[in-house]
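Numbers here simply count residues along the sequence, with the first being 1. Below, each value reflects all heavy atoms present in this structure, side chains not excepted, and no hydrogens, waters or symmetry copies.
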Amino acid sequence: MATEKEWKSFQEQLDLLKDRGLLVDNEPAALDYLDRIGYYRLSGYWYSFRELENTQAGDDSLPYLRKNQFLENSRFEDAVKIYVFDKKLRLLALDALERIELAVRVDIAHLLGEQDIHAHENARLFNGHFSRQAIKRRRDAGKTKHQVWLERHAQVLNRARHEPFVAHYNQKYGKLPIWVAIEVWDFGLMSKLYDGMKPVDQLGIANKYGAVDGRAFAGWLRSFNFIRNVSAHHSRLWNINVLERAALLQDDAYWQQLNNARPFYYFCLLRKVMDVICPNSSWGDRFVKLMEEFPEVGCGVVTLQDFGLLDNWKEWVLWEV
């Protein structure tokens with residue numbers, strides 16, 4: 001068992017980085033960044049600057065580990081530049097995701113509300129896997145996914161009970177119709193309910209945004225929720241390994257080149273949906289300009305290929321500006 005990490009002052013943190021070969025051009029500014037952003041969060045941005053070490057010399061089949069020592073020409077300022085780029089990328093993602101979330105909320109509430117004003121509570125309006133099949137895992141064993149969803153919905157609704165519109169509907173009508181209740185849902189709660197809808201209901205919404213079927217669009221929503229959570233929690237996004245992966249599209253040669261483990265694939269999906277919701281938005285233009293701002297780093301090991309960007313992506317009609 002390794003000994004626990006020792007607490008270090010900001011100056012000690014910076015001295016440690018310098019001892020390991022990280023160049024610092026402006027020490028007061030670097031100390032300020034450590035104070036405002038934190039060593040651990042910034043470490044994700046200089047991680048790629050660290051030297052690689054094979055676990056067993058001479059055997060390329062074995063994994064590489066990162067040494068503490070930095071590559072030549074690694075700079076603290078370059079890590080900060082990538083952090084700033086990543087912050088802009090997260091804000092751009094959240095801008096699109098907010099619009100998509102609101103639009104899909106309306107789609108779900110309008111479609112299901114026509115069938116039952118309290119549709120979200122009506123198990124008969126959902127597919128059997130969601131509303132009738134019992135969960136086997138221990139935590140929710142014996143419950144359906146819909147019952148678990150309703151428990152989560154009740155928690156969210158209880159937290160929002162003092163909101164004027166929630167209090168009004170509860171006092172006057174006893175409970176909220178779906179088009180009101182949906183306003184307190186987060187992206188995850190919304191995407192899970194969509195996943196539980198009947199295929200025929202899913203299809204109308206999926207086709208609106210260019211997905212082949214409800215299953216595909218449910219995958220998009222799950223991935224969007226993953227991207228949203230990363231962005232909302234200020235975590236590193238630009239070169240993250242996406243864990244909640246949507247299926248690859250085969251629409252054209254560009255889509256077929258993409259890697260659904262890399263974030264660029266999901267920005268392409270965001271653009272595809274945004275073109276339906278806000279066809280005149282400047283969002284795509286802002287994305288293109290942001291890619292042009294990606295910093296060149298002194299050690300030369302970080303590029304937008306880590307983001308998943310294609311070499312010829314600007315020639316793609318999806319990203320025409």
Side-chain angles (χ1 to χ4, degrees), residues 2-53 64-98 225-243 261-264 266-267 270 282-283 285-309:
T3 56
E4 292 185 356
K5 291 280 188 178
E6 293 181 1
W7 179 91
K8 286 182 171 58
S9 68
F10 298 126
Q11 185 63 60
E12 289 172 329
Q13 293 171 14
L14 190 59
D15 290 342
L16 179 63
L17 292 170
K18 289 163 64 178
D19 289 343
R20 292 174 174 176
L22 189 64
L23 302 177
V24 180
D25 297 327
N26 186 331
E27 187 161 321
L31 288 168
D32 183 55
Y33 282 118
L34 289 171
D35 184 17
R36 289 190 292 109
I37 301 172
Y39 181 102
Y40 187 76
R41 189 171 298 277
L42 284 171
S43 70
Y45 297 94
W46 63 58
Y47 178 80
S48 299
F49 301 173
R50 290 163 55 184
E51 293 180 357
L52 286 171
E53 178 182 24
Y64 284 80
L65 300 175
R66 293 282 176 181
K67 297 180 182 179
N68 286 327
Q69 195 68 21
F70 287 96
L71 294 164
E72 187 177 359
N73 292 323
S74 295
R75 284 182 149 70
F76 186 99
E77 286 74 9
D78 287 341
V80 172
K81 288 176 183 177
I82 298 172
Y83 168 82
V84 172
F85 168 86
D86 193 49
K87 179 179 179 179
K88 293 178 180 178
L89 187 69
R90 294 195 306 269
L91 292 173
L92 201 59
L94 290 171
D95 182 19
L97 289 165
E98 178 187 5
N225 188 49
F226 176 86
I227 298 294
R228 183 198 171 281
N229 288 340
V230 168
S231 301
H233 291 93
H234 323 298
S235 299
R236 178 171 44 86
L237 175 62
W238 82 274
N239 66 344
I240 196 172
N241 184 38
V242 178
L243 302 179
R262 311 314 300 160
F264 179 57
Y266 301 95
F267 278 83
L270 290 175
S282 65
W283 187 87
D285 297 351
R286 285 181 281 135
F287 177 84
V288 172
K289 290 177 182 176
L290 181 58
M291 293 302 103
E292 295 170 351
E293 294 177 12
F294 187 77
E296 292 185 14
V297 300
C299 59
V301 296
V302 173
T303 72
L304 281 171
Q305 288 183 339
D306 299 319
F307 177 57
L309 203 69

Flag, side chain of [X] to backbone of [Y], donor-acceptor distance under 3.5 Å:
{"X": "Q13", "Y": "L34", "result": "no"}
{"X": "D78", "Y": "G298", "result": "yes"}
{"X": "W46", "Y": "F76", "result": "no"}
{"X": "R262", "Y": "N239", "result": "yes"}
{"X": "R50", "Y": "K67", "result": "yes"}

Nearest atoms (heavy-atom pairs only) where [X] meets [Y]:
{"X": "D306", "Y": "V301", "answer": "OD2-O, 4.1 Å"}
{"X": "A29", "Y": "N26", "answer": "N-OD1, 3.1 Å"}
{"X": "L14", "Y": "A30", "answer": "CD1-CB, 3.8 Å"}
{"X": "C299", "Y": "L71", "answer": "CB-CB, 4.2 Å"}

For the atom pair [atom1] ([X]) and [atom2] ([Y]), what is the distance rounded to the nearest 0.5 Å?
{"X": "Q69", "Y": "L52", "atom1": "CD", "atom2": "CG", "result": "13.0 Å"}
{"X": "F70", "Y": "S48", "atom1": "CZ", "atom2": "OG", "result": "10.5 Å"}
{"X": "N73", "Y": "L22", "atom1": "CG", "atom2": "CG", "result": "11.0 Å"}
{"X": "L89", "Y": "L290", "atom1": "CG", "atom2": "CG", "result": "6.0 Å"}
{"X": "M291", "Y": "L92", "atom1": "CE", "atom2": "CG", "result": "7.5 Å"}

Checklist line | Residue E296 excluded, over 12 heavy atoms near CD under 6.0 Å | finding: no
Item checked: Salt bridge D86-R90, side-chain N to carboxylate O under 4.0 Å -> yes
Margin query: Checking R20 now: which residues fulfil side-chain hydrogen bond (donor to acceptor under 3.5 Å, both in side chains) with it, not counting sequence neighbours?
Written below: none
Do [X] and [Y] come close enough that some side-chain heavy atom pair is under 4.5 Å?
{"X": "Y45", "Y": "V302", "value": "no"}
{"X": "V297", "Y": "R75", "value": "no"}
{"X": "L270", "Y": "F267", "value": "yes"}
{"X": "L17", "Y": "V24", "value": "no"}
{"X": "R228", "Y": "L94", "value": "yes"}
{"X": "F226", "Y": "I240", "value": "yes"}

Margin query: Please list all pairs meeting salt bridge (charged side-chain N to carboxylate O under 4.0 Å, His left out) that have one or both residues in residues 7-19, counting only residues at least two apart or in different chains.
Written below: K18-E27
Next item on the list: Hey, could you give me each pair passing salt bridge (charged side-chain N to carboxylate O under 4.0 Å, His left out) that has a residue in residues 34-43? Not counting sequence neighbours.
Entry: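 Sorted pair list: D32-R36.
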Next item on the list: Apply the side chain to side chain contact (heavy atoms under 4.5 Å, CB included) test between V84 and each candidate in K88, K81, K87; give the one that qualifies.
Entry: K88
Item checked: Ring center gap for F85 and F294 short of 6.0 angstrom -> yes
